[in-house]
Amino acid sequence: MGEMMNAGVYYGIEDIRYESVPKPEINDDEFLLKVRAVAICGSDLRTYLHGHAKVKTPQILGHEFAGDVVEVGANVEGVKVGERLSVHPGIPCGHCYYCQRGLQNLCVDRPGIGTVLPGAFAEYVKIPKKTIEAGTVFHIPEGKKYELAALGDPAVSALHGEEELDVRLGDTLCILGSGSIGILHAMIARLKGASKIILVNRSPERLEKAKAMGVADHYFCLKTDGDLREFVMSVTDGMGANKVCVANTAKESAVQALTIAAKGGTVQFFAGFPKDDPALGVNGNLIHYSELHVIGSFGSTPRQFQLAEKMLVDELIPAEKVITHRLPLSAINEGFDLMRKGECFKVILDPTQE
């Protein structure tokens, strides 16, 4: 048996074990990253609680990460030992119909690090050289923080959403959902020039935490604050929000979103809905008579990943605010408990800590 490493291995629903496993051995077309920071994603939590069709157990999850290059295969060009990198988990094929049109987020063959391939809840993770060719490797400048670079995947998803919404100077944006993604949406929308941001959430405790960050202009709690439409109309001079983002999985939010949108506005379904019951039952006349644009948002492109990483490490948005807990990798189950209870926004795990 070769060298060993510590990892958080997913064996099935609500079963992640911190244990010793073989350290990855790279071939000529791979390189090895020593993980310095890895975040727990909401999709990791869904896999933990409900399983994932593409995850074959046992598997090492973890797809929001950054670290140091420690080994490079003979055929790999573009990275060197000692370089500091973050890597987007989705690896587009580069030649399908969608990739050829710049829609790599819709690639038909896009294996993921931390789902199909072993992920970064470990001391080391091996990376295919195809990531370099695809443009999903970001070189972290010296002096910039690993933990900020590790947020590249959620930040670029939010950036893709904000680009699809075409948020610009003078816009009023209402975000339904104040989790880490909703907060990143708000931060990026502000950077893009949104003049008024309304943040909505069901949990008052979570909304208060978001309010403490100061990312929006108005905050509304669905549980305690009354009628959402009345509130939105009251702070928009009776017009509604011309951009609305549904950043949570509740079908009720999709229905509400259409009622608070301004005429000619755009409503974006950013999050997926329950796979066993995705039908939304929306009022088609709201779309028709108000001439609403209803769009989806999924994933991101390599161009957007590079842009999001620069935005993060140069601290153009205060993304560090969403990191509420920093734990050693050995505390991975504690991290998942915090996520499950909604007591955090982002948990960063550090495999180099004891």
Salt-bridge criterion met for K145 and E320 (N-O under 4.0 Å):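 Yes, K145 and E320 are salt-bridged.
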Side chain to side chain, F138 and V313, heavy atoms closer than 4.5 Å: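 Side chain of F138 against side chain of V313, heavy atoms only: contact under 4.5 Å found.
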Salt-bridge present (K243, D171; N to O < 4.0 Å):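 Answer for the salt bridge query: yes.
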F273 atom CZ, over 12 foreign heavy atoms within 6.0 Å: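 It does: F273 CZ has more than 12 such atoms within range.
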Closest approach of C221 to L207 (non-hydrogen atoms, all atoms of both residues):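 Distance-wise, the nearest heavy atoms are N-CD2, 3.6 Å.
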Contact summary for L184 and A158, nearest pair of heavy atoms: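 For L184 and A158, the tightest heavy-atom pair comes out as CB-CB, 4.0 Å.
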side-chain contact (heavy atoms from CB on, under 4.5 Å) between K80 and V72, worked out: CA-CA 7 Å; K80 298 176 181 177; V72 178; 5.7 Å; no
Parallel, tilted or perpendicular, as decided by the 30° and 60° cut-offs, for the rings of F336 and F121: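 The rings of F121 and F336 stand perpendicular, inter-plane angle above 60°.
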Output field: ring centroids H185/F270 closer than 6.0 Å: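 When the ring centroids of H185 and F270 are compared, they turn out to be within the sub-6.0 Å range.
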Exceeds 12 heavy-atom contacts within 6.0 angstrom, atom OH of Y11: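 Atom OH in Y11 is packed in, count exceeds 12.
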Minimum-distance pair of heavy atoms, taken over all atoms of E343 and H325: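 So the two residues come closest at O-CE1, 3.4 Å.
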Side-chain heavy-atom pair I287, N285 within 4.5 angstrom cut-off: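 No, their side chains stay 4.5 Å or more apart.
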From CA spacing to verdict: side-chain contact (heavy atoms from CB on, under 4.5 Å), T352, R36: CA-CA 6 Å; T352 68; R36 296 293 299 271; 3.8 Å; yes
Note, V108 side chain near Y98 side chain (heavy atom, < 4.5 Å):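 Answer yes - side chains close enough.
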side-chain contact (heavy atoms from CB on, under 4.5 Å) assessment of I197 paired with V215: CA-CA 8 Å; I197 298 173; V215 295; over 6 Å; no
Side chain proximity check, V116 to V55, heavy atoms < 4.5 angstrom: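 A side-chain contact is absent here, since even the closest heavy-atom pair is not under 4.5 Å.
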Side-chain touch F220/L176, heavy atoms, less than 4.5 angstrom: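 Not touching, per the 4.5 Å side-chain cut-off.
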Distance-minimising heavy-atom pair for A262 and L292: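 Nearest pair, atom of A262 first, then L292: O-CD2, 3.2 Å.
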Identified side-chain contact (heavy atoms from CB on, under 4.5 Å) counterpart of T172 within the set V244, T236, V167, D237: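 Going through the options one by one, the only one that passes is T236.
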Minimum heavy-atom distance between L312 and A155, given as atom pair plus value: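 Minimum heavy-atom separation between L312 and A155: CD1-CB, 3.7 Å.
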D29 and K129 ion-paired at < 4.0 Å: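 Result for this pair is yes, salt bridge flagged.
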Check ion pair K251-D277 (N to O, under 4.0 angstrom):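 Looking at K251 and D277, the cut-off is met.
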Residue pair C245 / L165, side-chain heavy-atom distance below 4.5 Å: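 Yes; the side chains approach each other to less than 4.5 Å.
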Electrostatic pair D44:R46 at N-O distance under 4.0 angstrom: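 Here D44 does not pair with R46 in a salt bridge, since their nearest N and O are not under 4.0 Å apart.
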Gap between atom CG of N248 and atom OG of S253 - 0.5 Å precision: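 Here the rounded value is 3.5 Å.
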Heavy atoms of other groups near R340 CZ, more than 12 under 6.0 Å: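 More than 12 heavy atoms, drawn from other residues, nucleotides or ligands, come within 6.0 Å of this atom.
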side-chain contact (heavy atoms from CB on, under 4.5 Å) assessment of V69 paired with L85: CA-CA 7 Å; V69 179; L85 305 179; 3.3 Å; yes
Close side-chain approach of M4 to K23, heavy-atom, < 4.5 Å: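 Sidechains of K23 and M4: no contact.
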Under 3.5 Å side-chain donor-acceptor pair for D68 and Y146: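 Their side chains do contain a donor-acceptor pair, which is all the 3.5 Å distance test asks for.
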Minimum heavy-atom distance C99-G94, with the two atoms named: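 Minimum heavy-atom contact is SG-N, 3.3 Å.
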Shared-cluster residues of M233, by chain and number - hydrophobic side chains joined below 4.5 Å: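 Once heavy-atom contacts under 4.5 Å are chained together, M233 still belongs with nothing else.
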Close side-chain approach of S20 to M5, heavy-atom, < 4.5 Å: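 Sidechains of M5 and S20: no contact.
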Within 6.0 angstrom of K211 NZ, more than 12 heavy atoms from elsewhere: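 No, because the 6.0 Å sphere around NZ of K211 holds 12 heavy atoms or fewer from other groups.
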Electrostatic pair K192:E162 at N-O distance under 4.0 angstrom: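 No.
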Candidate pair S203 and E205, rule side chain to side chain donor-acceptor pair (under 3.5 Å), full reasoning: CA-CA 5 Å; S203 162; E205 296 82 12; 3.2 Å; yes
Identified side chain to side chain donor-acceptor pair (under 3.5 Å) counterpart of H88 within the set D153, T136, T301: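 Only one of D153, T136, T301 forms a side chain to side chain donor-acceptor pair (under 3.5 Å) with H88, namely D153.
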Of V81, V70, I127, the residue whose pairing with F31 passes side-chain contact (heavy atoms from CB on, under 4.5 Å):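 By the side-chain contact (heavy atoms from CB on, under 4.5 Å) criterion, F31 pairs with just one of V81, V70, I127: I127.
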From CA spacing to verdict: side chain to side chain donor-acceptor pair (under 3.5 Å), Q304, E163: CA-CA 9 Å; Q304 292 169 328; E163 287 194 354; 2.8 Å; yes
Carboxylate-amine/guanidinium proximity below 4.0 Å for E64 and K346: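 Yes, E64 and K346 are salt-bridged.
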